[in-house]
Amino acid sequence: MRLATWNVNSLKMRLPRLVPWLADKQPDVLLLQETKLADAAIPTAEIKEAGYEVATHGDGRWNGVAILSRIGIEDVVRGFAAEPGFPDPETRAISATCGGLRVWSVYVPNGREPDSPHYAYKLSWLAALRDALAADLAMGQPVVVAGDFNVAPTDADVWDPKAFAGSTHVTAPEREALARILAAGFTDVVPTPMKGPHPFTYWDYRAGMFHQNMGMRIDLVYASAGVTVRSAYIDREARKGKGPSDHAPVVVELT
DNA sequence: ATGTCGTGGACGCCACGA
């Protein structure tokens with residue numbers, strides 16, 4: 001199975017790039033984040049024409065996640081048990097079974113600043129996600145959870161650790177929240193960067209950050225035991241050219 | 001790094017989020 005995850009920063013704006021990307025890369029399952037579309041506005045015709053079924057969880061302006069699959073989508077769950085909100089739950093998680101694999105597409109809250117209530121929300125959301133994933137694992141099925149975690153797991157996952165002093169995405173509590181998810185029964189699938197030494201998946205639009213490779217690895221793929229990972233890479237070509245997302249897709253070959 | 005995007009509401013700009 002070929003599985004990919006991609007924060008597209010508006011599915012509406014990215015559709016002209018997504019459709020040829022699907023034809024080129026041929027993923028069996030694609031996990032999307034930041035679709036920024038209500039479910040009723042999802043371009044299902046174009047997605048179906050490309051050969052995929054789609055399950056979505058979106059509310060329109062912000063957030064929004066989706067699963068595209070050409071190997072079936074069963075048992076779709078939008079959100080998860082005891083999912084924290086701000087104050088109400090947002091559209092940040094969707095899971096389904098595709099080809100016998102339980103897959104989750106997640107868009108973790110940004111957190112904004114460490115002293116922000118959004119940061120506390122981020123930590124509580126990650127803690128609740130851990131519990132929901134543990135419940136899925138307890139059912140004995142292989143699970144892959146992937147998406148925009150908005151946390152760089154190590155200092156090697158940001159272009160300059162010094163530049164992130166006092167910022168979110170690199171704090172110890174955020175990294176501990178990731179560690180607790182891993183401890184529930186997952187392995188961090190670190191993808192191969194196709195250029196340079198750093199497996200960055202995100203580069204800010206501003207200040208020529210992409211061209212200077214000043215990026216971050218915040219789009220993560222966590223695979224449970226029972227999932228054999230053969231290879232994984234970052235499609236940085238998708239970050240180039242006119243009208244890209246600020247995130248690159250991560251593509252993983254499984255079992 | 002703070003140099004750009006995308007969104008929606010009221011508009012050819014602004015406020016917000018990232």
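Chain naming here is simple, since letters A, B, ... match the order of the sequence lines and numbering starts at 1 in each. Only heavy atoms go into these numbers, but all of them, side chains included; no hydrogens, no water, no symmetry mates. Values in this document were obtained by computation on a predicted structure and should not be read as measured data.
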Taking only the [atom1] atom of each, what is the distance from [N] to [M] in whole angstrom?
{"N": "B:dC16", "M": "B:dC11", "atom1": "P", "answer": "15 Å"}
{"N": "B:dC14", "M": "B:dA1", "atom1": "C1'", "answer": "24 Å"}
{"N": "B:dA10", "M": "B:dA15", "atom1": "P", "answer": "14 Å"}
{"N": "B:dG17", "M": "B:dT2", "atom1": "C1'", "answer": "14 Å"}

Exercise. Using a heavy-atom cut-off of 4.0 Å to chain A, what are the terminal contacting nucleotides of DNA chain B, in 5' to 3' order?
Worked result: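 With heavy atoms of chain A under 4.0 Å away, the range is B:dA1 to B:dA18.
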
Exercise. DNA chain B: A:K36 or A:N63, which has the more 5' nearest nucleotide?
Worked result: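 Taking each residue's closest nucleotide, the earlier one in sequence belongs to A:K36.
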
Exercise. When the nearest nucleotide of DNA chain B is assigned to A:G243 and to A:N150 on a heavy-atom basis, which residue is associated with the more 5' position?
Worked result: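 Taking each residue's closest nucleotide, the earlier one in sequence belongs to A:G243.
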
Does [X] reach the side chain of [Y], with side-chain heavy atoms less than 4.5 Å apart?
{"X": "A:V151", "Y": "A:K122", "value": "yes"}
{"X": "A:L11", "Y": "A:Q33", "value": "no"}
{"X": "A:L37", "Y": "A:T56", "value": "no"}

For this session: Examine A:W62 together with A:Y107 and report whether their ring centres are nearer than 6.0 Å.
Result: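 They do not qualify: ring centres at least 6.0 Å apart.
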
For this session: Give one of base, sugar-phosphate or nothing for A:F210, where a contact means two heavy atoms less than 4.0 Å apart.
Result: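 Nothing, no heavy atom under 4.0 Å.
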
Exercise. What does A:M209 touch in the nucleic acid at a heavy-atom separation under 4.0 angstrom: a base, only the sugar-phosphate, or nothing?
Worked result: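 Base contact.
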
For this session: Can you spot which of A:D157, A:D246, A:D219 makes a side chain to side chain donor-acceptor pair (under 3.5 Å) with A:T201?
Result: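 When side chain to side chain donor-acceptor pair (under 3.5 Å) is applied between A:T201 and each of A:D157, A:D246, A:D219, only A:D219 qualifies.
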
Exercise. Should the pair A:W203 and A:F210 be assigned to parallel (<30°), tilted (30 to 60°) or perpendicular (>60°) ring geometry?
Worked result: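 A:W203 and A:F210: perpendicular rings.
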
